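Read through the structure below, which is laid out as structure tokens, and then see the notes.
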Amino acid sequence: IRIQPFRAIYNFSYQTYLWLPIANEARQRLLGSSKMNWGHSLFFYKYYNQKLGIFAQANFTFAFPSGSDDEQNVLEEGNDKTEFYLPVSFTTSYVASKKNIFFASLSYSRINKDVSTVMEGADSDFVQYGLGYQRIFTKSLFGNISYNGTILARNYGSWKNITFGIRCRF
């Protein structure tokens with residue numbers, strides 16, 4: 001559900017969602033997704049002129065233990081505890097022309113669980129940066145490329161990646 005809670009602030013919105021683990025227990029364990037997630041997102045954007053804009057997003061998600069967790073799964077992975085996730089992102093964009101947009105982002109994410117014990121290279125909190133370019137081909141077709149990397153990470157593991165994407169709006 002996504003709403004605009006304040007009529008006077010047209011560029012702010014709130015979204016809430018619920019993810020239910022519907023796969024069988026073996027698949028849930030394999031994916032590490034046996035908890036019900038209830039998430040909330042706050043979005044804000046503002047363009048200062050026709051070329052420069054910002055976008056900010058804050059999320060907070062609770063992952064509640066599922067009633068279907070078997071005893072062995074709970075003992076092995078600590079799935080009897082509620083988890084809390086807090087990612088915050090800030091992006092600025094520069095519109096070079098009607099079809100070319102450059103952007104940069106900075107993100108912080110916090111998890112109240114030491115995930116490095118579950119997944120190699122994972123961190124309980126980290127700061128990540130990104131740089132990217134988006135090309136608008138038509139009103140319905142977009143392409144983008146972005147580079148992301150880790151600045152700081154607790155526990156161990158840092159990463160860098162390049163992402164290519166094509167978006168089509170129907």
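This one's a predicted model, so the numbers in the text were calculated from it and none came from an experiment.
Under a 4.5 Å side-chain heavy-atom criterion applied to ILVMFWY residues, the cluster that includes L141 comprises F137, I166 as well. When hydrophobic residues (I, L, V, M, F, W, Y) are linked wherever their side-chain heavy atoms come within less than 4.5 Å, F103 remains an isolated member.
The cluster map of Ile, Leu, Val, Met, Phe, Trp and Tyr, joined by side-chain heavy atoms under 4.5 Å apart, puts F60 and W38 in the same cluster. Tracing side-chain contacts under 4.5 Å through hydrophobic residues (I, L, V, M, F, W, Y), one never reaches F164 starting from I136; they form parts of separate clusters. By the criterion of side-chain heavy atoms lying less than 4.5 angstrom apart, applied directly or through intervening Ile, Leu, Val, Met, Phe, Trp or Tyr residues, I101 is not grouped with I162; the two fall into different hydrophobic clusters.
Here R2 pairs with S13, Q15, F43 under the side-chain contact (heavy atoms from CB on, under 4.5 Å) rule; sequence neighbours left out. Residues passing the side-chain hydrogen bond (donor to acceptor under 3.5 Å, both in side chains) test with S140, sequence neighbours excluded: none. Contacts of W19 classified as side-chain contact (heavy atoms from CB on, under 4.5 Å), with partners at least two apart in sequence or in another chain: Y17, N37. Considering only residues two or more places apart in sequence or on other chains, Y94 meets the ring pair (Phe, Tyr, Trp, His ring centres under 6.0 Å) condition with none of them. Listed by chain and residue number, Y133 satisfy the ring pair (Phe, Tyr, Trp, His ring centres under 6.0 Å) test with F102 (two or more places apart in sequence, or in another chain). Under the rule for a side-chain contact (heavy atoms from CB on, under 4.5 Å), the partners of T163 that lie at least two apart in sequence or sit in another chain are S146, N148, N161. Not counting sequence neighbours, the partners of K160 by the side-chain contact (heavy atoms from CB on, under 4.5 Å) test are Y129, Y147. Listed by chain and number, the residues in a side-chain hydrogen bond (donor to acceptor under 3.5 Å, both in side chains) with S105 amount to none (sequence neighbours excluded). For the side-chain hydrogen bond (donor to acceptor under 3.5 Å, both in side chains) test, no residue two or more places apart in sequence or in another chain qualifies with Y47.
Evaluated for a side-chain contact (heavy atoms from CB on, under 4.5 Å) with Y45, the options N11, I54, T91 yield exactly one hit, N11.
At distances below 3.5 Å, at least one donor-acceptor pair connects side-chain atoms of T92 with backbone N or O atoms of G53. Checking side-chain atoms of R135 against main-chain N and O of F142 turns up no donor-acceptor pair under 3.5 Å.
Using a 4.5 Å heavy-atom cutoff, the side chains of T61 and L86 are not in contact. Using a 4.5 Å heavy-atom threshold, the side chains of F55 and F44 count as separate.
For residues 48-60, the set of pairs meeting the side chain to side chain donor-acceptor pair (under 3.5 Å) definition, not counting sequence neighbours, comprises S41-N59, Q57-N59.
Within the model, atoms CD1 of I9 and NZ of K46 stand 11.0 Å from one another, a figure rounded to the nearest 0.5 Å. L106 contributes atom CG, which lies 8.5 Å from atom CZ of F90 (distance to the nearest 0.5 angstrom). Here NZ of K139 is found 9.0 Å from CZ of R169. Values are rounded to the nearest 0.5 Å.
Shown here for A104 and L131, the closest heavy-atom pair between the two residues is CB-CD2, 3.8 Å.
More than 12 heavy atoms of other residues, nucleotides or ligands shown are found within 6.0 angstrom of CG on L18.
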